[in-house]
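The structure appears below as structure tokens.
Positions are given from 1 along the sequence. Counting convention: from 1, in listed order, for ligands and their atoms alike. For clarity, every value in this text was computed on a predicted model and none was experimentally measured.
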Amino acid sequence: MNLPKKVKIVEVGPRDGLQNEKDTISAEVKIELVNRLAAAGFPNVEAASFVSPKWVPQMATSAEVMHGITRRPGVVYSALVPNMKGFEAALEAGVDEVVIFGAASEAFSQKNINCSIAESIDRFAEVARAAKEHRKRLRAAVSCAFGCPYQGEVPLEAVADVVRRFRELGCDEIDIADTIGVATPGKVRPVMETAIREFHIEGLSGHFHDTYGQALANIYASLQTGISIYHASVAGLGGCPYAKGATGNVATEDVLYMMNGLGIETGVDLDAVVEAGQFISQQLGRRSVSRAGNAIAAKRAG
Ligand code: HMG
Ligand code: MG
């Protein structure tokens, strides 16, 4: 199959990237990061998470962040929402896209959101109805679609089942997520083909963490199935607090460098993302893990 000519990159750094940071990052820094990313041309920035602050303390300033950013017309600002309490907060904060997040693994569902997959779908159904009523975009994440830190193997049928349930809730977009970065390209094809059988391909996305260094190869394998939405995190920030040992998402700079090389249009300015990556890495006091980002920054410094 020919690769897509154009892809949508969803920048998840401000949420998936920062949620796992131990030291508190000020709302001002988060706001600056979101503004820089939106200015770089991303059509969609995952900016916040309206979850329990006891579970994910770093996201406690989400309302402040949403109120503090300069909204760029045309940019979709998304936030994670686990239940109606989160939905009310997201609505008040002016979120454009509500992201419900479930799992293809029963064990991960329990650890991450403290309920079974079936219970989570009941909760999400209420959120989905409210999102539709308020004309918000609705996206859903399927965590552990390629493997689980607690139960190991995740059967294809489990992925199919959750994707089907999310389709029935009326989701606009569904993310097939490698939460712990264990997938390899040979696994990507069957999982993505399973998802494609259950949901329109234009609405499916690949969300790859880079724990084992496979994320770019996995994205390439996924491009070969025709999927054209990918998540990435500036400077490769991130990890999930409920997936021990999992490192960040694939670095956005690396994905953009690959897409540019393949002649695939993203509409995003790589140089501006490199700068945003250097900015947030300085704020966190460590070097970016983006290979392309560091190479471009070094070249620029001469
Ligand atoms: P629970 O303890 O079962 O919830 O947690 P509860 O309903 O019993 O409430 C307990 C307390 O939390 C109460 O407060 C609630 O008010 C409060 P208290 O009375 O004790 O003071 N609470 C909330 N507060 C603020 N916002 C809310 C909210 N809901 C309840 N929305 C719950 C259940 C779902 C809330 C909890 O498990 C939770 O917040 N989990 C979030 C975990 C999380 O954010 N994980 C990381 C994101 S997922 C991810 O990274 C994967 C992804 O990137 C894709 C991939 O890579 O796979 C998306
Ligand atoms: Mg993730």
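- Residue side and main chain included, His209 places an N/O/S atom under 2.8 Å of the Mg ion (ligand 2).
- Of all the heavy atoms of Val56, the ones lying under 4.0 Å from any atom of ligand 1 belong exclusively to the side chain.
- Under the 4.0 angstrom criterion, atom 24 (N) of ligand 1 counts as having a protein heavy-atom contact.
- Under the 4.0 angstrom criterion, atom 18 (P) of ligand 1 counts as having a protein heavy-atom contact.
- Atoms OD2 of Asp16 and NE2 of His207, as seen from the Mg ion (ligand 2), are separated by an angle of 90°, to the nearest 10°.
- With a 4.0 Å cut-off on non-hydrogen atoms, Asp16 touches ligand 1 through its side chain and not its backbone.
- Assignment of Pro53 to the shell around ligand 1 is supported, since a heavy atom sits closer than 4.0 Å.
- Contact annotation: Arg15 has at least one heavy atom less than 4.0 Å from an atom of ligand 1.
- Below 4.0 Å from some heavy atom of Asn112 lie the following atoms of ligand 1, by number and element: 37 (O), 40 (N), 41 (C), 42 (C), 43 (C), 45 (N), 46 (C), 48 (S).
- Regarding atom 1 (P) of ligand 1, its nearest protein heavy-atom neighbour is Asn114 ND2, 3.7 Å.
- Partners of Val289 according to the side-chain contact (heavy atoms from CB on, under 4.5 Å) rule, which considers only residues two or more places apart in sequence or in another chain, do not exist here.
- Pairing each heavy atom of Asn294 with each of Gln278, the nearest pair is OD1-NE2, 3.5 Å.
- Assignment of His209 to the shell around ligand 1 is supported, since a heavy atom sits closer than 4.0 Å.
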